[in-house]
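Being a predicted model, the structure only gives us computed values, none of them experimental.
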Amino acid sequence: MQFRRLLLVFASFWLALPVQAANLSLVIDTPTKEQRDNITAHLGQLPDTEQHRASFVFNAESATEKALAALGFYSPVIDLTLDKQSEPWKLSIQVDPGPATKWNQIDIQIVGDATQLEEFQGIALLEGLIQGERVIHSHYDQTKSQLMGQALQLGFFDAAMVTARLEIDRKRHLANAVLHFKSGHRYRFGDIRFEGSDLEPELLQSMLNFKSGDPYNINRVTRLNRALVRSGYFSAVKVLPLVDQRQDGEVPVLIDLIPAKSHSFNVGVGYATDTKQRVSFTWRTPQINHWGHSQETKIEYSDVNPYARFLYNIPLSNPNNDILQFGLGLESNEYADIESELRHARIGRKTIHDGWIRQYYVRHLDERWDILEDSQKSQFIMPGVTWSNTKRQGNPVDPEAGFRQYYLLEVASEKLRSDANIARFVAQLKWLDRFAENHRVVARTNLGASYFEDKDLSDVPPSLRFYAGGDESIRGFGYQSLGPKINYTDEEGNQKKLTIGGRYMATASLEYQYYLNDSWRVAAFTDGGNAFDDLEETVDWAYSVGGGIHWLSIVGPVKLDVARSISKTNPQWRLHINIGAEL
């Protein structure tokens, strides 16, 4: 009981905390914080001159009455005390709000085509205008605004509020809300006209998400604006419904476009423990011709994986979700102890539907590699398909939650001019979720399986094998250092092991992150898995634990992690550095 009294005293003191300006101190004593905040808002800025002070004190009572009425208290008792002897002057406002006024009748009538639309149903309930609840003026105002707002969004441009009335019975402490709304007829999209682009009309039309005669909806206009920007053809886009030119039930639409620059060039730098420092140069041509063809050429140098790639895009229908792609590439890779050079050419179709990116392709792979001074080469023609989907919430470079999926399936056959019969499957999953403000969990797994008919593993190109270890695999181990090994004798007669990769791979990671503030977080994690050659034999699983500190930069987290193996004898700590978004 004493604790309750103490709590009430503390609450009363907190709700009556003074607010002070240069020449006036203000104390507002109310039963609730909601009432105090609304009175403060209605009173406005505290005075800074004597003239302003006189006006502030004169209007204080009427402003307090309006603030309480807006919350449904129409019979308050307000006691104002002004102490001119104190320095500065002290104004005290003590409030007994009296009984709350409640909604008695909610009379909302909609006449016109809008009565048939779901968007206009239940607006009063959504905005808090509920019979029996305390009157809050903002709920009435929001309901009225929402009716008109929905009308404009859905094309009821002749809509009008025929009656808008708030009836207050102060004696009975009851109120009625009367809103009679006439929507009129719904307009439709009329003539759609493009200006400012030399792209083929059919290509521009393919990006439309509505056509002439469809019911007007501002959300469709917004989505079209985003789609045109996403196409990359334009530096500026304006989709303008010409509402003032509406006639015969239709609204014409003008789409004003400014083409993107003919060419763009980007230079990038980065660093990761796996691939070391890297420098990249990218050249893009967003529109090569009237048919909307585009190209991207990228050259990247790093100690481990330098490459050059060229990609040519031809839109088949909508350039945002259906593209024919031609690609060429030249790469040099280090797979554990094996150096490889490969050339590849690819033709494929990329489609996007319901957030899923699907690519169907055929690629030609020509790979040469050296293993223990033995040079080998192979070539394959490989049909394949990939599926990928990424969902995220919050900041793109530091999501609050998200889930990424990637799957690959490809095959090769000696009947299709390949050096072996091969089938490969890859799955990559990553999930993260932030909870309780400062806590986040990140989990990922990478799986791989392959079939090489009548082919020794050492004769299979390294890019088609599986390896484990490194920043995005198992930290605490070197980049692609884990997997099946062979024994060999070096020039000095020492027995050594050479990692050659495996037919299968399975890795997993679980990481806990704690946010110290908006710019820094710490992490603790455990990783495990390996690459292996036989499902029937016992796998030598590798495990590690570690921790790190992450700086949340504008380009994504800069991660400094240290990890060590817990599955081998006398392990050493290993530093891992990585920069970039997590999904």
Side-chain angles (χ1 to χ4, degrees), residues 226-227 230-232 270 272 274-275 280 282 284 294 296 298 300 305 307 309-329 331 333 344-363 365 382-412 422-433 442-450 463-464 466-468 470-473 504-509 511 529 555-557 578-583:
R226 288 199 297 261
R230 193 169 65 249
S231 71
D274 289 348
T275 55
S280 65
T282 305
R284 295 185 181 91
S294 62
E296 178 178 299
K298 184 173 183 178
E300 180 168 294
N305 176 222
Y307 66 82
R309 295 174 185 168
F310 170 75
L311 188 64
Y312 192 90
N313 300 307
I314 301 175
L316 295 177
S317 55
N318 188 323
N320 284 324
N321 55 38
D322 192 4
I323 304 171
L324 181 65
Q325 295 183 318
F326 298 90
L328 298 172
E331 297 185 32
N333 282 298
H344 56 82
R346 173 170 167 157
I347 179 174
R349 183 178 184 180
K350 176 181 176 181
T351 65
I352 303 175
H353 182 67
D354 291 338
W356 281 93
I357 302 174
R358 299 176 178 85
Q359 297 190 63
Y360 311 90
Y361 63 87
V362 176
R363 68 170 177 138
L365 172 65
M382 306 184 72
V385 59
T386 66
W387 303 266
S388 62
N389 178 273
T390 301
K391 296 181 180 179
R392 63 173 68 88
Q393 300 175 18
N395 189 333
V397 296
D398 186 40
E400 298 287 323
F403 183 43
R404 183 184 68 199
Q405 306 173 70
Y406 173 83
Y407 307 97
L408 175 147
L409 176 64
E410 58 183 6
V411 298
I422 292 177
R424 300 178 70 244
F425 173 76
V426 174
Q428 299 174 355
L429 307 173
K430 190 171 187 177
W431 170 87
L432 58 87
D433 187 51
V442 181
R444 59 176 165 82
T445 183
N446 294 333
L447 305 172
S450 58
S463 68
L464 301 181
F466 295 107
Y467 301 82
D471 299 343
E472 294 297 320
S473 180
Y504 308 97
M505 180 265 298
T507 67
S509 173
E511 179 169 324
V555 297
N578 209 343
I579 304 173
E582 292 187 282
L583 288 178

Quiz prompt | Spacing of I314 atom CD1 and F326 atom CZ [to the nearest 0.5 Å] | solution = 4.5 Å

Quiz item: Just by modelled atom types, is the T507 backbone N or O under 3.5 Å from a matching donor or acceptor in the T445 side chain?
Solution: yes

Quiz item: Is any NZ, NE, NH1 or NH2 atom of the basic residue among E511 and R444 found under 4.0 Å from an Asp or Glu carboxylate oxygen of the other?
Solution: no

Tell me which donor-acceptor pairs under 3.5 Å the side chains of residues 385-393 have, and how far apart each pair is, sequence neighbours excluded?
residue : atom : partner : partner atom : Å
N389    : ND2  : G355    : O            : 2.9
R392    : NH2  : L583    : O            : 2.9

Quiz item: Nearest heavy-atom pair of I323 and N313: which atoms, and what distance?
Solution: CG2-CB, 3.7 Å

Quiz item: With sequence neighbours excluded, what pairs up with R363 under the salt bridge (Lys or Arg N to Asp or Glu O under 4.0 Å) test?
Solution: E410

Quiz item: Between A345 and L328, which heavy-atom pair has the shortest distance, and what is it?
Solution: CB-CD2, 3.7 Å

Quiz item: What distance separates Q359 CD from K350 NZ, expressed to the nearest 0.5 Å?
Solution: 6.0 Å

Quiz item: Do you know the tightest heavy-atom contact between A581 and P396?
Solution: CB-O, 4.2 Å

Quiz item: Which atom names give the shortest non-hydrogen contact between S463 and R424, and what distance separates them?
Solution: O-NH2, 3.9 Å

Exercise. Answer with yes or no whether the side chains of N446 and Q428 bring together a donor and an acceptor at under 3.5 Å.
Key: no

Quiz item: Got L432 and P399 here, is their nearest side-chain heavy-atom distance under 4.5 Å?
Solution: yes

Self-check item: Side-chain heavy atoms of E331 within contact of R309, under 4.5 Å
Solution: yes

Practice problem: Starting at CD1 of I347, measure out to OH of Y361 and round the result to the nearest 0.5 Å. | Solution: 14.0 Å

Self-check item: Residue that, paired with T351, satisfies side chain to side chain contact (heavy atoms under 4.5 Å, CB included) out of D322, N318, L316
Solution: D322

Exercise. Report yes or no: does K430 contribute a side-chain atom to a donor-acceptor pair with the main-chain N or O of E582 at less than 3.5 Å?
Key: yes

Practice problem: For the pair D471 (side chain) and N578 (backbone), establish whether a donor and an acceptor sit closer than 3.5 Å, ignoring hydrogens and angles. | Solution: no

Quiz item: Roughly how far, to the nearest 0.5 Å, is CG of N321 from CZ of R230?
Solution: 8.0 Å

Quiz item: Is there a donor-acceptor contact under 3.5 Å from the side chain of N320 to the main chain of S231?
Solution: yes

N/O donor to acceptor pairs below 3.5 angstrom from side-chain atoms of residues 400-409, sequence neighbours left out:
residue : atom : partner : partner atom : Å
Q405    : OE1  : Y407    : OH           : 2.9

Quiz item: Just how far is it from atom NZ of K298 to atom CZ of R284, taken to the nearest 0.5 Å?
Solution: 7.5 Å

